[in-house]
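Heads up, the thing below is written out as structure tokens.
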2 protein chains.
Amino acid sequence: MRLAECVSRMSEEDIGGDTELSDSPTLPLNSILAGNCIEILKTLPDNSVDLIFADPPYNLQLSGELFRPEGSRVDAVNNAWDKFDTFAAYDHFTCLWLKEAHRVLKEDGTIWVIGSYHNIFRVGTALQDQGFWILNDIIWRKSNPMPNFKGRRFTNAHETLIWASKSDKSRYVFNYASLKTFNDDLQMRSDWLLPICSGNERLKGENGQKIHPTQKPEALLYRIILASSRPDDVILDPFFGTGTTGVIARHLRRHWIGIEQDPTYIKAAQARIDKAEVFDEALMGQASNKRKQPRVTFGCLMENGFIRPGHILYDSRRRFKAVVNVDGALQSADGRSGSIHKLGAQLQQAVSCNGWIFWHFEENNILLPLDILRQRYLAENP
Amino acid sequence: MRLAECVSRMSEEDIGGDTELSDSPTLPLNSILAGNCIEILKTLPDNSVDLIFADPPYNLQLSGELFRPEGSRVDAVNNAWDKFDTFAAYDHFTCLWLKEAHRVLKEDGTIWVIGSYHNIFRVGTALQDQGFWILNDIIWRKSNPMPNFKGRRFTNAHETLIWASKSDKSRYVFNYASLKTFNDDLQMRSDWLLPICSGNERLKGENGQKIHPTQKPEALLYRIILASSRPDDVILDPFFGTGTTGVIARHLRRHWIGIEQDPTYIKAAQARIDKAEVFDEALMGQASNKRKQPRVTFGCLMENGFIRPGHILYDSRRRFKAVVNVDGALQSADGRSGSIHKLGAQLQQAVSCNGWIFWHFEENNILLPLDILRQRYLAENP
DNA sequence: GATAAGCCTGAATCCCGGG
DNA sequence: GCCCGGGATTCAGGCTTAT
């Protein structure tokens, strides 16, 4: 298959259009490649992408229908693409796409794979057998999972992500400082609490039905891409679906390549990405430092839309002013940056500063302390 | 090896001393079997234990330890090929003990295995390949994990447990009601927040050093044993260590069998278990479990005058109405009839229906669910 | 229009005892 | 072992409809 046959390029105004990548001149950047995942992976050059995010079929092995106690039917994943006859068949599939993923990944690149207990152990084993070096397993704790209706097991309230480098020698990217700032100056842990994708974010067709049965939340991809890539990096998603990876890559000024075989998903993804905002380059910050303050983090407020990159914050008397970067760092006009607490302290030439009280946002021409947003968040998420 | 050679029996006053287990008369109950895990597993009879908890060696790469198939250690090598050798050897070891575990487990028994990302994917794959049926993967979120000192990864703040039945046909034990009560009347999720084992609970030698490097918290075993076993069940722990499984089994009036090769651990475990309290039999719970309550039939209520032929029943909103026939069938105005469940399902066009909750009787102009009558009957006839 | 109640749904390997 | 039928079983959040 030639690339030209399966490329659905983005418009020219695309962020990637004019960027030069000397080591991978032929990559079909910022486009969805239509077709079989493994076949298309084979057309991509060796050592060419910085990050891979993969959401492969889980091989759920469901049988029969499930009804809620009140009688309604659970709309389960029943797509042909999730069905494999045996574990051996699933392992074979996994081995094939991981082998290509390994080849395509740069030496210092990393891969993320998400799954559930149905498939994640086989994926993890295959990753290790392929030579990948596991860096972390990350638990996505769902704040609103589907309950266990029949009371026969524990509520399956999480999914597992594996983060691995190409080899144990890789000098991989991990934006430790950004993540720590994002997490209110506490090290980011391996368990992440995030809601499932629902509401307005969930893509629906004209009939009101969900377009993709397993659309992932943008907040999840935000954290992944923020943690393990840099602006202008190339991010490959071999199971692109409705393009969450592309949307967040675009927000964060990364290049992306998607592989997807379903025309419906491709169409929805392309439309969605075309609408996605590109955050300003000056906001891409690499935050700096440490300190402490638990409960609701600044990053949490960002993930939930209370604060957005580009928002301007002031101190109560408008003596100081700073802009919010994607990782939750604040940046002042003179270029200094840091967490809300650090920058507040710096600007005041103080030893420390409670950024929640120091910084204010504007609403109806009034300045309100950041802490109000925390309270609003807590009011909505007790 | 004969069992007599490796058995370290508990004292006679032991809870298990006088209990008869007709199907497994030769089990060395409530004792630590000293020696190699796999060898000793082979001496245990088929289909004889109800629950297995296993905390196998985790990380063969970091420790530099490599296990030969029989379980003895070899010095690890450090080149690229050796990694494959290491994984293969670990897989072989895992396969051997899991095969015996599968054989020893009763048809309706379940197994728990705990691990980290270093080994859990291989364990999970081996479990599935062995024919075990995964029920849940459980995340133990550590409230006080060790931080990541170098800032190159996410804080590794959890461990993973896999809970699996012997086959997909197993009618395994899950004390749903107990766990729901335990969890403030919300069904227990797959992510558990517990502190690591420290303080007084942590066993220390005379030198103040911890006796076992990875002693598990009692709270973890408490939840596991409470969830997936019943009093008098037999619980096997093939990597007994310092005996946390034995302590909690004794608390909860379950029998236990431990396998351990290190004399220091055995001694510490035995002393610890000897001191462990046995909770009173009357405290073993299950009161709130409806499935365990004696069955009261609709006919029984009629025989005892709680319901009489000709009584009219309604659903909660009086959309439906039916009359009680002499045989306990309900009959609706359009002539359809059946049991309280069947007619309820028919009228709602549902797959099934719990008639006890669906149908209501009128008392002092108020509609009360049929279930109330069942409770009244049970109160009068304990 | 604001508040309250009701409805819908989400990667789900989802019953069990008696004849 | 199989078959039959009684009857046990749900949480959070967003959206829609009703008051």
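The shown structure was predicted, so the numbers you read here are calculated from the model rather than taken from an experiment. A, B, ... follow the sequence lines: proteins, then strands. Residue 1 opens every chain.
For the C1' atoms, the distance linking D:dC4 with C:dT13 amounts to 25 Å, nearest Å. Look at the C1' atom in both C:dA12 and D:dG5: the space between them is 25 Å, to the nearest Å. Straight-line distance between the C1' atoms of C:dC15 and D:dT10: roughly 16 Å, to the nearest whole Å. Here, C:dG10 and D:dG7 have their C1' atoms 26 Å apart, quoted to the whole Å. Going from the P atom of C:dT9 to that of D:dA8 covers 27 Å, rounded to whole Å.
A:Pro217 comes within 4.0 angstrom of nothing in the nucleic acid, heavy atoms only. Heavy atoms of B:Lys180 sit under 4.0 angstrom from primed sugar atoms or phosphate atoms, though from no base atom. Among the protein residues, A:Gly64 comes within range of the nucleic acid bases, having at least one heavy atom under 4.0 Å from a base atom. Contacts of B:Cys353 with the nucleic acid, taken as non-hydrogen atoms under 4.0 Å apart, include base atoms. When heavy atoms are screened at a 4.0 angstrom cut-off, A:Ser143 is found touching the sugar-phosphate backbone but no base atom. Across all strands, B:Arg189 comes closer than 4.0 Å to no nucleic acid atom at all (heavy-atom distances). When heavy atoms are screened at a 4.0 angstrom cut-off, B:Tyr176 is found touching the sugar-phosphate backbone but no base atom. Using a 4.0 Å heavy-atom criterion, one finds that A:Thr214 contacts the bases of the nucleic acid, with or without backbone contacts as well. When heavy atoms are screened at a 4.0 angstrom cut-off, A:Asp55 is found touching base atoms of the nucleic acid.
Rounding to whole angstrom units, CD of residue A:Glu201 and C1' of C:dG10 are separated by 14 Å. A:Ile120 places its CD1 atom 16 Å from the P atom of C:dA12, with the value rounded to the nearest Å. With rounding to whole Å, A:Ile196 atom CD1 is found 13 Å from D:dC15 atom P. Spacing between atom CZ of A:Arg202 and atom C1' of C:dT9 amounts to 9 Å, rounded to whole angstrom units. With rounding to whole Å, A:Arg141 atom CZ is found 12 Å from D:dG13 atom P. If you measure from atom CG of B:Leu370 to atom C1' of D:dG6, you get 14 Å, rounded to the nearest angstrom. Distance, B:Asp184 CG to D:dA12 P: 12 Å, rounded to whole Å. In this structure, CG of A:Leu220 is placed 13 Å from C1' of C:dA11, rounded to the nearest angstrom.
Residue B:Gln187 places its side chain closer to D:dC11 than to any other of D:dC11, D:dG6, C:dA11. Looking at the side chain of A:Asp75, the nearest of the listed nucleotides C:dG10, D:dG7, D:dC15 is C:dG10. Comparing D:dA12, C:dA12, C:dA11 by their nearest atom to the side chain of A:Asn144 picks out D:dA12.
A salt bridge between B:Glu362 and B:Arg318 is present, with a side-chain N of the basic residue lying under 4.0 Å from a carboxylate O of the acidic one. A salt bridge links A:Lys216 and A:Asp55; the closest N-O separation between the charged side-chain nitrogens and carboxylate oxygens is under 4.0 Å. The pair B:Arg376-B:Glu363 counts as a salt bridge, with a side-chain nitrogen and a carboxylate oxygen less than 4.0 angstrom apart. Salt bridge annotation for B:Asp108-B:Lys106: absent, with no cationic side-chain nitrogen under 4.0 angstrom from a carboxylate oxygen.
In this structure, D:dT9 is classed as anti because its glycosidic torsion departs from zero by more than 90°.
When the side-chain nitrogen and oxygen atoms of A:Asn200 are compared with OP1 and OP2 of D:dC15, one or more of them lie within a distance under 4.0 Å. Between B:His341 and D:dG7 there is a side-chain N or O to OP1 or OP2 distance below 4.0 Å. Within the structure, a side-chain polar atom (N or O) of B:Ser339 is placed less than 4.0 Å from OP1 or OP2 of D:dG6.
Nucleotide C:dT9 forms a pair with D:dA12, judged by Watson-Crick or G-U wobble geometry with both contacts under 3.5 Å. Within the shown strands, C:dA4 is the pairing partner of D:dT17 under the Watson-Crick or G-U definition, both distances less than 3.5 Å. Nucleotide C:dC16 forms a Watson-Crick or G-U wobble pair with D:dG5, both donor-acceptor distances falling under 3.5 Å.
Residue A:Arg68 places a side-chain atom within donor-acceptor reach of the base of C:dG10, judged by atom type and a 3.5 Å distance cut-off alone. For A:Ser116 against C:dA12, a side-chain-to-base donor-acceptor contact under 3.5 Å is absent.
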At under 4.0 Å between heavy atoms, which parts of nucleotides 13-19 of chain C does protein reach? Answer with one letter per nucleotide, 5' to 3': B base, S sugar-phosphate only, - none. BBSBB--

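Other residues, nucleotides and ligands contribute at most 12 non-hydrogen atoms within 6.0 Å of the CZ atom of B:Arg230. More than 12 heavy atoms of other residues, nucleotides or ligands sit less than 6.0 Å from atom CG of A:Asn207. Shown here is B:Asn381, whose CG atom has more than 12 heavy atoms of other residues, nucleotides or ligands within 6.0 Å.
Rounding to the nearest 0.5 Å places NZ of B:Lys166 at 9.0 Å from CZ of B:Arg103.
Taking the six-membered ring for Trp and thresholds of 30 and 60 degrees, A:Phe84 and A:Phe93 have ring planes inclined between 30 and 60 degrees apart. Ring geometry for B:Tyr172 versus B:Trp163: interplanar angle over 60°, hence perpendicular rather than tilted (30 to 60°).
Take the nearest nucleotide of DNA chain D for B:Ile340 and for A:Pro145: the residue whose nucleotide is more 5' is B:Ile340.
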